[in-house]
Amino acid sequence: MNKNFEKLGLRPADILLPKKGTDMTRWAVVACDQFTSQPEYWDEVDRIAGDAPSTLRLILPESKLSDANVEDHIADINRSMADYLAQDIFTTLPDSIIYIERTQSDGTVRPGLVAAVDLEKYDYTPGSGSLIRATEGTVLERIPPRVRVRKDAPIELPHVMLLIDDPKKICVEPITTAKETMEPLYDFELMMKGGHLRGWKLTEAQTSQLAAALSRLSSDEAMEHKYGLGGVAPLLFAVGDGNHSLATAKTCYENLKKITPQEQWADLPARYALVEIENLHDPSLKFEAIHRVVFGVDPAKLIAAFLEFYPNAHEGQGVGHTIAYTHAGGEGYLTVPNPRVQLPVGTLQNFLDAYLKENGGKVDYIHGEAITGELGAKPGNIGFKLPAMGKDQLFKTVIADGVLPRKTFSMGHAEDKRYYVEGRKIR
């Protein structure tokens, strides 16, 4: 392995792919944390997958996390992983990095790289100085259910997407222009309006060039030039999607360390996690707002409580943080002048956390204004639509101020989220 990778928290991996002849459209399904309030979506995915090999059998859609028989679901997943390994449906690409191109729902092509990150270099604690950091708050109570899925799993399937701040485009883009020199791996349509996906294996020369480029990107000179913050701990990778998935991998690894001699930690497969890496500055990468729908509440009482929580707030649009809402009784806006936090999502989330703790109810995080309005308009619900955050200040804000409020932004529409394709053995 190129020695440069040792300092980067990144490395090539032994990547699992289904063997030639597999129906890849039925194999690949969208990230498990999508469409959590739309079980009909996952019912249709189940119908399409049928009895073909499919990553649907290897993941737990989060819409099922609260099922009474969730432990049975988890046991089925682990059995399916063991069965797929026993049936020899995978081929292994040793010591590899994959370049991928995703054609999104709007027709744009989003490039990325699939490789493994070192969880010793990742920390989701707010204010961390690690090389790989969370960009938003981690909800600790959301980790244990995911740990139950991963802790006995022999395979991992990634939907984590990490961002690099590469305005000069020295890392991914040189690979994009050299696809003809690489071995093609797959080229297929994704189910459920997911677009199209193609993948190639990097050459040894490209892998070495990538390591050198990432080293330059994380240098003190680069940090000074981009952020005016020389001498600070470098931030190379910021979590764009799948924060709780990566936090779960970290937790499982830390648990293994407790029962493993330290001299063996470097050899633990669970020390590493497969991810996709994308350049923040690629024009195909757009930040979308993540909206909120609150279930099981009286909307009028909740709005009154919001106005009490922020004494200077008022109904209607105005100067400050303005948040749109929809419930069965109609639509409107809430405005908080002179807000105490930087983003409207922080203003809303601070209130919701306090209100739901005191009064009960459940909040879900929704991608897309239409479905937010549809769900919010049902009796006993209220939906809040939030503006999108600009992506240009993401890294500097994380370096200077720590994490953003949880579920602040989403990279693209729900249909454009990462689909499970590649895998890696973690046991």
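It should be emphasised that the depicted structure is a prediction, and the values quoted were computed from it without experimental measurement.
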A.B. asks: For H73 and D67, does a side-chain donor sit closer than 3.5 Å to a side-chain acceptor?
C.D. replies: yes

A.B. asks: Establish, from distance only, whether the side-chain atoms of T335 and T322 form a donor-acceptor pair under 3.5 Å.
C.D. replies: yes

A.B. asks: Would a line drawn from the ring center of Y420 to the ring center of H159 be shorter than 6.0 Å?
C.D. replies: yes

A.B. asks: Might you point out which heavy atoms bring C252 and V147 nearest each other, and give the distance in Å?
C.D. replies: SG-CG1, 3.9 Å

A.B. asks: How far apart are the closest heavy atoms of V29 and S54, and which atoms are they?
C.D. replies: CG1-OG, 3.9 Å

A.B. asks: Which atoms form the tightest heavy-atom contact between W265 and T260, and what is the distance?
C.D. replies: NE1-O, 2.9 Å

A.B. asks: Could you report the tightest heavy-atom contact between S130 and D123, atom names first, then the distance?
C.D. replies: OG-N, 3.3 Å

A.B. asks: Crowded around K193 NZ? As in, over 12 foreign heavy atoms under 6.0 Å?
C.D. replies: no

A.B. asks: Please determine which of E141, E156, E62 meets the salt bridge (Lys or Arg N to Asp or Glu O under 4.0 Å) test together with R146.
C.D. replies: E62

A.B. asks: Any luck finding a side-chain donor-acceptor pair between S96 and D14 under 3.5 Å?
C.D. replies: no

A.B. asks: State, without any angle test, whether Q34 and Y41 hold a side-chain donor-acceptor pair at a distance under 3.5 Å.
C.D. replies: no

A.B. asks: If every non-hydrogen atom of I164 is compared with every non-hydrogen atom of N279, which pair is closest and at what distance?
C.D. replies: O-OD1, 3.2 Å

A.B. asks: For the pair K64 and D72, find out whether any cationic side-chain nitrogen is under 4.0 Å from an anionic carboxylate oxygen.
C.D. replies: no

A.B. asks: How about D165 and Y227: does a side-chain donor come under 3.5 Å of a side-chain acceptor?
C.D. replies: yes

A.B. asks: Distance only, no hydrogens: is a donor on one side chain within 3.5 Å (strictly under) of an acceptor on the other, for S105 and H413?
C.D. replies: no

